Every structure is written in C-alpha cells, then in structure tokens.
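What you see is a predicted model, and the numbers here were worked out from it, not measured in a lab. Ligands are counted one by one from 1 in listed order, and the atoms in each one are counted from 1 as well.
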Amino acid sequence: MRGVTWITGVLLSLFLFDKSYSNELLQTRYRRAPAEDPKKCSYTFLVPQQKITGPICASATGPEPDKDRVTRMDIADVREVLSKQRREIEMLQLVADVDGNLVNEMKLLRKESRNMNSRVTQLYMQLLHEIIRKRDNSLELAQLENRVLNVTTEMLRLASKYKDLEMRFASLASTVNNQSVLIAALEERCLRGYGRQDLPAVPPLVQLKLKVKGNKKNKRKVTKGRESRRRPELESGYGNFIKTEEGPFKDCSQVRHAGHTTSGMYLLKAEGSDRLIQAWCEHKLDNGGWTVIQRRKDGSVNFFRNWENYKKGFGNIDGEHWLGLENIYNLAKQGDYKLLVELEDWVGKKVYAEYSSFHLEPESEGFRVRLGTYQGNAGDSLTSHNGKPFTTLDRDKDAFTGNCAHFHKGGWWYNACGQTNLNGVWYSGGVYRSKFQDGIFWAEYGGGFYSLKSVRMMIRPID
Ligand SMILES: [Ca+2]
C-alpha cells in the first residue's frame, strides 16, 4: 500500500512539474513573469535523488541571452564608440585643416623660393657680367698703360733729339746773324773804300740775343733776303663786326664793362674827339677790354708808309692794321692806360711785354711815346724808345744822322735807330737775310734778324 502511494505521488509531481515548466518557458519567452505573485500558489515537490552521471549545466544568470537582442548597454557602447570616432574625425579634420594651411604655406614658400632662385640667378649673371667687364677694363687699362709708356718713351727720345737740334739751330742762327752783321760792315767798308764818302751812315745793327725760352722748336727757315708774303688768313674770331645798339664806346674796356665778351670790331669815340674809330676789341686775353692799336700777322699790309698814313691809320681792322697816331693819342689821353705787346714766334709761342703806363704826346710834339715800367717774359726792347717822337720816311725825328725809317722800312718811335721794329717788313720763317735789319724784330726776343710771326699792341686803362 505504501508503495502505491509513493508511486502515485511521483507521477503527479512529474505531471505538474512538466506542466509548470512548460508554462514558465512560454511565459519567459514572451514576457517576464512578475517577481512575486501573491495570489500564486506554491507547491513543494519531493523529487527522488537522481544519480548524476555527467556534468551539470547550470546558469547562474538565468537563461542564456539571445544573441540578436540589443541591450541599452550595447547602444551606450555604440554611442560611446561613435562619439569617440566623431572626436577622432574632428581631430583628423583639424589635422587636415592644419595640413591644408601647411600645404598652402609650403606652396607660397615654394613660389618664393622659385622667385629667390630666379633673382639669385639674375644677380649671378650680373655679377658674372660685371666681372667680365672689369676684366676687360683691366685689360684695356693695361693696354693703355703700355701705350702711355711707349708714348712717354718716344716723347723722351724726341725731346732729347729736339734738344740737340735746338742747340744746333742756336749755333747756326748765331752764325747767320753775325755773318749778316759782318757782311753789312764789309759792304759799307768796301763802298767807303771806293770813295763813296757821301753815303749816309748805316745805323748800328742789333746783335743776336737769341733767348731760347721754353720749348722753342726749330721749324724756322732762313729766307735769303727775299720777302715772302702770304695772303691774309682770317683767324677764328676775326672778321666779325659786332653790331650793337649801344655805343660808340670810349674804349674797349668800356665795351667789356657793358657786358660784351666777344672779341671783334666795335665802334669807339674818344672823349673830346668827334672822330669815330673802328677798333678791334680783344676780350679773350687777360680779362679782355684791350683796344688793339697795331697788329701784324701775315704781311698782307704794307707798313712802309708816310706820316699822314701813320697819323690817320691804315690796314684792315680784322687783319693787319695801324690804328693811327691821332686815334691812339685821343684814346690814351682819356685816363691812365697801360700797354701790352704780344709777340708770337714761328713755333706758335707767345711772349708778352707790358708797360705800366702808356700815352702819346700831341702831334706838335711828334706823338712822343711815354712808357711806364716794363714787366713780362719777352724782355724789354721798348724802354730805349721811351720819350722818342715818331719817325716816318717823310718825317725824320729820330736821333740818328740818317732816317731810321729808311733803314727799317717802317714808322716808329725810333731812337738811333732801335731795339725793336714792329712796323717793319713781315718775313716768313723767322730768321731772315737782309742788308738792313728791317724785319719785325724785338731784340730781346730773337735778335735783330729774327722776324716775328705775329705781333699785337694793345692798350687798356690801368685797373
Ligand atoms: Ca734822323
């Protein structure tokens, strides 16, 4: 009996268990059962102990979770991952931005670098060009130095040769001059020897006083007693008559003070005189303002003239001329004037003789010349004529027994007769041969037988 009851109990428990388990499974699958249901009955089954032969599979967390179920935690995890990824993206974006800026900067730098390279290339080319140019210059300089050296050597050689020739010339000129003097003396003695006692005395000849100053060269040629005349050649500046509304001026100094600086012909009228004078004003020499009273340059004008001609003046104002004793007298009496004598030899060298004062006495006194003291580099050959009246072929007022104008073939303030003869015969070439010393000479510069190439006499008020 007891055995039947036990078996019935077991079967009932199994049945209930099976039913309850099946319900619970269904409920768990579709819904969660409330934690406790007060109305629910509780059963207690007694299950016979089973023999455990294998591993027991039990879960502490209840039933195994479904793999497809998305939990909040999963969502949170995903969100966290997403936000992390977003931050990373932002970071990457930032990095990308920075990189972009860097790229731009890099581009700019590259561009700048290219420009710099181009500039450096340009500068390098310039430098190269400069170096080449300098090298060329230095080469050229070296060549020039060589040429200068060669020329200097040649010059020294020529200077030495010239010096020798100059000495030979001086010696020959001296011989020629002394022979001329000797010939003249012999001629005179010869004539006197033949009973020509009535012959007029010949004035003493000026001995040669050849002063070789500076670089006098020896292109002078001896003309044997023959006058050689050239056609006049107008020099630059000559041949211009300066037309001006002003004037006439009292002298060329006034012309200069009126602002005229061009040398040329101007119209003058001396104070106290009604006579208009055409004169050459020299404004290029020594501050200008010089009135030219006499000029020789080419032998184009005959200076062997009478008193009236010398009194009134003759020649061409832009060439050879004599301004006239009357005009010179009128000009020089206007104030304190000085005289400048310019002499040019046949190598173009110019020398000067200046006299600190200059004026003429009136015609009644024979236009005596009054001179101040000498200074200059030509030597003083005019002081011996100081105080002497003017002599022409037809008016002999000199200190010589004969007429100096006859021997010297000119008109001058002769003494007996002269150390200078600026109105004499124009000889070409310098040293000349003549029976008398009738050339254009200045004894202190070249002697009596050296005829100068050109001469000018000028006056200007004393400063
Ligand atoms: Ca006389």
(request) With R370 as the cation and F358 as the aromatic partner, state whether NZ or CZ is under 6.0 Å from the six-membered ring centre and within 45° of the axis. (result) no
(request) Enter the distance from L127:CG to I132:CD1 here, rounded to the nearest 0.5 Å. (result) 10.0 Å
(request) Answer with yes or no after comparing the ring centroid distance for Y445 and Y450 against a 6.0 Å cut-off, counting only values under it. (result) no
(message) Quick check: Y432 with F449 (ring centres under 6.0 Å apart)?
(response) yes
(request) Please state whether the rings of F390 and Y310 are parallel, tilted or perpendicular, taking 30° and 60° as the class boundaries. (result) tilted
(request) Please determine if R460 forms a cation-pi arrangement with Y337, meaning its NZ or CZ atom is less than 6.0 Å from the six-membered ring centre and no more than 45° off the ring axis. (result) no
(message) No waters, cut-off 3.0 Å: how many protein N, O or S atoms are close to the Ca ion (ligand 1)?
(response) 5
